[in-house]
Amino acid sequence: MATKKKLLCLILAVLFVLTAFPFGALAEEETVSMDDYKLVTESDTYKLYLYEPTMSIKLENKETGVILESTLSDEKDNGKNNSVWTGYMKSGIVLQFIKGTNNTYQADLLNNANTLNYTYKPNGFSCDIFFTKEMFGLTVNVTLERDELIVTVPDSSIREEGENTYISTVSLFPFMGYTHMGDTPGYMFIPDGNGALIYLDDKEGRFTTGFSQLIYGRDDGFTDTSTPSYLWDEYDTVIRSNNVLAPIFGIAHTEEKIGFLGIVESGDKRASIEAQPNGAMVDYNRCFAKFVLRDVYVQPLNQSNSGTVQMVENDRGHDDLTVRYCLLSGDDANYVGMAVKYRSYLLASGAIQKKDTTYKTRVDFLGTDREPFLVSTTAVVMTTVDQIKEIYTDLRMGGVPSLLTVYKGWQKGGYYALPINSFDADGAIGGTNNLAKLIEEEELNDFTVYLYNDALRINGTTNKFTMNAVKKVNKRTLMETPVKQVYDLFYYQMPNRTDSTLKNFLQSYTKKGVRNLALAGITNTLFSYSSKGSFYTRKNTADIYENTVNATSANTNLVLEQPFAYLWRYTDGFLDMPVGSSDYMFVNEEVPFLSIVLKGVIPMYSAYVNFEANKTEFFLQLVESGVYPSFYVTHENSSKLIYTNSSDLYSTEYKTYRDTIVEYDRALRLVQNAVDGATIVNHEKLDNGVTRVTYSNGVRVYVNYSEKDVSIDGYTVEALSYKVGEAQ
Amino acid sequence: MTRKRKITFLSALFAIILLCTALSPLISHAETPYKTYTLSGYGDVQETQTAYLAYETIVKFGDEAMKRPSDIYVTDDNEIYVADTGNGRIVVGNLQGDLIRIIDDPVLKSPRGVFVTENNKHVYVADRDAEAVFEFDHEGKLLNKYGKPTSPLYGDNLSFMPIKIVVNEAGVMFIICESNTNGIVEISPTEGGTFLGYFGTNFASADIRTIIYRVIMTEEQRAKMVSNIPSTPDNLAIDERGLIYTVTRGDEYKTLKRLNIAGINMIDRARYATIPAAVTAGNHENVYVADQNGYVYEYNNEGDLLYVFGGKDDGSQRIGLSTMVAAIDADPQDRLYLLDTDKAQIQVYTPTEFTNLLHRALYLYSKGMYTESKEPLEKVLQMNSMFDYANRAMGRAYFQEENYEMALQYARLAKDLDGYSDAYWEIRNQWLKRNITLMIILIAVIAVVWIVLSKLDKKRGIFNGVRKFWAKITGNRLMGNIKYARYYMMHPIDGSYGISREGHASWAASSILLAIFTIEFLVYKYLCGFLQKTVREGRYEVLSDIGMIAVVIFAVTVCNYLVCTINDGEGTPKKIYTYFCYSLMPYILLTPICFILSHVLTKNEQFLITLTQILMYGWTGILVIMGIKEVNNYTPKETIKIILLTLFTILIMALLVFIIYILWAQVFEFISAIFGEVVYRLGY
């Protein structure tokens, strides 16, 4: 009897166990729905919901009821993905970590054992995450302020307790605003060039990767391991893609009228913008910022670099990781809304200030460069101070009332005599006093001359000592080796050294009463480096450069060459503003995003018109984007430069460009005077090939890119031409 | 369920609409992700204005995507025919991405090549797997099938695997067949296909090494060698005049060939595509060659490289860069179509304003309208004053206009030796014509003055003072020895005696002569006439020149001395150094003549300089040999032995220096490696 009972018990137990399994499985497959989300907080315009187990949030627009999701919802899960990707897509935070020397793994809230401790606050929540197996963790703070969601990971909360396990990257809400295939119309905005859009349409698997670029350009402190293909094994025919100048990204669902602009507020010095269209690994479009904490680098062990080891950076970058999502709805849920939002954000935070934006054509001059002669080099003089005066007089006769000039190659020893330690002009162009006099005199005529100074580079051919040169993370000297005829080696100055060199220069500069300076190099380069056994991150570099530029701007009228966003507040003019993009295949449309942000706040000057192959279209783009034209001219014929490092300047003679300059000045001055001081409030690409730009003073500018005349708003815009409307 | 279906349907519809808008030609991008290069007169690569803009990317026609496409043909009315190999069909579409029709006759297995005749729009398809060429009419109806030729001349054992095809106006087919190394198969359409023969056969190249190997190797070894068979052309094209162009991989500077009816090669190129994939003829007697890696080359009809642009996509997916190019074609508007097998897409490029100007100039120039061609050329040069081809054409145009000064200037800019020489001849001729009387008068005056002065001197000795002064400065030992070098030059045997026995050996005098030699060498090298110049203008490597002369003279002196001492020679280092330096005298005296000649002679008269130089070097050589023989007191046989031994010693010495250098480099490397390791371990 007892045995029977035991047997029965056993059978029951077995049955129980057997049934328990499918039950368990079912429980796991149970879908998460909106009901599982709890309301955390609400602002005037949005409600914030949270699903705790995966730290998934949803934002509901109170007016329209439209919901913005931060992770892949179960309804939209097409079930085609493996567990790693499912974890990636459904987790509110995704980390990558390095274990051992060079193995990178993913850590997410679905696949990796973790503990989550939530603390709720009036306007958001805080989640303390710890991965129990990998032994690292961090705290994510989420705050909703009106229509802005701020997600931040304090630097102090990041802890790594596992042995040989390091956090490599952190992605916060990588699926924020995602869409599936072509289901939801809209686009992703990427900060490539002036701005570019990737449509949220079905890409039919044509793209295996999307946009992935480090904010503020690539890090030269790490050795580039890619092997590019060269023409005849020697010539690099591919032009580098544009640097990401501002830490922004965005998604707009144009039909649902919701979207956001993401601003990477901190941690931006070492983060990348990722915009992956469907087909790139999974069927979803997503756009987000990925923070890099640590990377792997190659350490050579001998001079010939034949022996190398892979190393993990010793220390991680120390900076809070913050993304501010500015939520957009209604008519603002588009790229213009994003740009306007970004402008008001920058103005409010003091990151840009209103500067004098009066129209000026930019005409740059090249002073001298060097060509080989006997045992040394000799000056090739292209434009002297007196010749500049002549050219100015000639341009005034042609009707050009004001001008901005950046004078390059003015310093003793020519364009590539770097670094510039003091205000010492080359005798061949007329000497220091003459130059100072020119700047002073022409200032009165509203012809402003800025002296060009690349504060980053050291000419390695003329400066044999490398003690002031930047060493890469692997302690090897950072070198630039362009394929050039005279000088083919350049180093970067140590950031501290740049600061002191520039100070010295400024002293001798301002002593002569000269205050106009065009700064380059340090304005658009960021790198990690090592010095005397310590490692410095891009944030360190950026901080030093920002201080330097700040101090410089206090004593000078400063214009910066293609500056990164954190330097915008210091510049009186933005040189070399790109008007196009890098021509990625996955980009569907180029938009003048940065122009919309900065127009009417900081004057922007284009890249040189000389080297543009399609001048008509470039001119129209200038009209559209409100960017002022730039020319690079020399008094002498450019064929004189054939044996110098500047041999790539194949067309610069003033004679050739005189009429073009006068014509551009006349036409664009008329357009820009009509909108002077106003900002762009709307920018529309209409179906008939016309772009309509609306300014805050009511003036509308129409640009017709089509080859037919078009009638619009009562105006007729000729083919490949433009029209400035009356103020409304 | 129905609702869901509706949604999917709607979303699909929307996707299609979006796609169509995305496919409509974008406004051409003002910026391109690639650079454009051209060549300078020295063959240097130089960046230039963008020649072609990436205009559009066609990924599908209508809804029809391509799969491993391998050939493309664009007709004069802009219909695009694609050999869609992976799908076994021919797809016809247009620039807007619209599908016009599909030719998917079941006979097609893997179409590799496609060609369309312009007169009757017949479509010829080379199908490798079907082992045949098919001829369709415009609508895709099969007209003819041409299989393996039955003629014994074709080769019985050869299979017929056509991969590329072009057809001339008479309907004669030129077919490239896989693994057929005999050349291009030429088939006439008569009687269902008559084999006409092989055409444009490539020749197997045999370098000296292979020839030597063949001589010394055994039968077995020879059999094991990679067989040296000629390479099959990779692709071909035909132009309006019926000339066939071929590209062949690995044929280096003979990569691109233009063959006339007789099959004779007419151009070969210096800067060639490394992995040529395709070739097509342009509308201005120009030729385009596409490299598999995405580079596009444009040549003019003389085979000068005008541009090279494009590049390989490293995965960043930028418009205008390619992964694997299979075919290229140009349409009447000069747009270029590049077919990428890997990406299964067609990249369309459109010429810029700059290229259109150049094409116009090319056309006018080739038609002999030189004056007219100057206008577009001037504009081209305004946009790029270093554009070499334009400079040369400009020079030639000025020459035709008889403006020789300008022609000379442009020819020099373009490094066009022939043009320079022709223009210079004209200028010199004009100068001579203008000044001939003046010159005769001048010569007469000089002669008269000379006669009068010498008579006066004879009678009154008016130059005695000068003569005394001359005697005084040349009277000392040093000057005497320098003067003796001239004597040595004229009487080497007697002179050698003087060096060895009469104390005419001198360190100082020899060194002065060596210095004069060096200066003359440098002056001649860097400042001689343009036509004689061996170094590029603006290039000076004076230090290394001086160093080289010093090393050579040091090496010959030391080695010759070492060899002579152990071979009973009588020469001391001083004497040996002296005869080497004195032997340079012919060079010192004749170079100034060459220098002057180089500035006044044209290319046709260059032989005068060459002759002088042969005399100069020959004389110097004889002096060196005589010096060695006489000073050391050797027999002729011994002299030869000594010269050979000296050369051998120099070789050994060079080797020694090299070995020591290598060893030191190793030591340095080792030390720095230890240092690097320490630095790395310490974390510094």
Side-chain angles (χ1 to χ4, degrees), chain A residues 181-183 185 199 201-202 204 206-207 209 226 228-229 231-232 234-239 241 299-304 307 314 371-375 475 532-533 578-586 588 590 611-615 617-618 621 637-639 642-643 647-648 650-651 653 656 705, chain B residues 11 14-15 18-19 22 27-35 37 40 45-50 53-54 57 59 65 271 274 293 295 308-312 314-321 352-354 382-387 413 538-540 542-543 668-669 672-673 676-677 679-680 683-684:
Chain A
M181 300 301 277
D183 294 356
Y199 291 164
D201 55 357
D202 187 352
E204 303 179 321
R206 279 197 291 133
F207 306 114
T209 59
S226 61
S229 131
L231 175 64
W232 301 314
E234 203 177 340
Y235 300 96
D236 192 359
T237 59
V238 179
I239 297 168
S241 51
Q299 177 65 55
L301 295 173
N302 53 16
Q303 207 65 34
S304 62
N314 234 348
E371 69 176 15
F373 181 71
L374 298 177
V375 294
K475 295 156 207 130
K532 295 178 184 148
V579 292
S581 75
S582 306
D583 284 322
Y584 291 110
M585 295 200 54
F586 44 76
N588 299 76
E590 294 177 350
F611 308 116
E612 291 299 331
N614 265 9
K615 295 209 165 61
E617 198 208 323
F618 190 74
Q621 282 180 323
N637 189 284
S638 46
S639 62
I642 194 161
Y643 299 114
S647 60
D648 50 351
Y650 45 79
S651 177
E653 195 177 351
T656 318
Y705 285 101
Chain B
S11 58
F14 184 77
L18 252 179
L19 220 126
I27 296 161
S28 55
H29 295 248
E31 291 163 52
T32 54
Y34 49 80
K35 294 179 188 170
Y37 288 100
S40 82
V45 180
Q46 204 132 52
E47 199 180 332
T48 186
Q49 217 103 15
T50 305
L53 295 168
T57 313
V59 288
R271 281 286 185 178
T274 353
N293 284 333
Y295 304 112
V308 52
F309 68 92
K312 197 174 168 78
D314 61 353
S316 59
Q317 311 197 64
R318 292 164 75 187
I319 299 171
L321 304 180
T352 59
E353 210 178 309
F354 181 61
Q382 265 180 19
M383 289 199 203
N384 181 356
S385 53
M386 300 189 202
F387 197 79
L413 268 177
R539 277 290 184 190
Y540 299 96
V542 173
L543 265 195
F668 182 72
E669 169 80 347
S672 77
E677 181 79 19
V679 163
Y680 164 63
Y684 275 95

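Per chain, numbering begins at 1; letters A, B, ... match sequence-line order. Computed from heavy atoms alone, side chains included, the values below leave out hydrogens, waters and symmetry copies.
- For the residue pair A:Ser647 and B:Gln46, no side-chain donor N or O sits within less than 3.5 Å of a side-chain acceptor on the partner.
- Contact of the A:Tyr705 side chain with the A:Gln621 side chain is registered, since non-hydrogen atoms from C-beta on lie closer than 4.5 Å.
- Per-residue heavy-atom pair counts under 4.5 Å with chain B were compared for A:Thr237, A:Thr656, A:Ile642, and the maximum is reached by A:Thr237.
- Side chains of B:Leu321 and A:Val238 form a contact here, defined as non-hydrogen atoms less than 4.5 Å apart.
- With B:Tyr34 contributing its side chain and B:Gly320 its backbone, the two residues share no donor-acceptor pair below 3.5 Å.
- Neither the backbone nor the side chain of A:Asn314 has a heavy atom closer than 4.5 Å to any heavy atom of chain B.
- If you tally non-hydrogen atom pairs under 4.5 Å between each of B:Phe387, B:Phe354, B:Tyr37 and chain A, the highest count goes to B:Tyr37.
- Of the atoms belonging to A:Phe611, it is backbone heavy atoms, and not side-chain ones, that fall under 4.5 Å from chain B.
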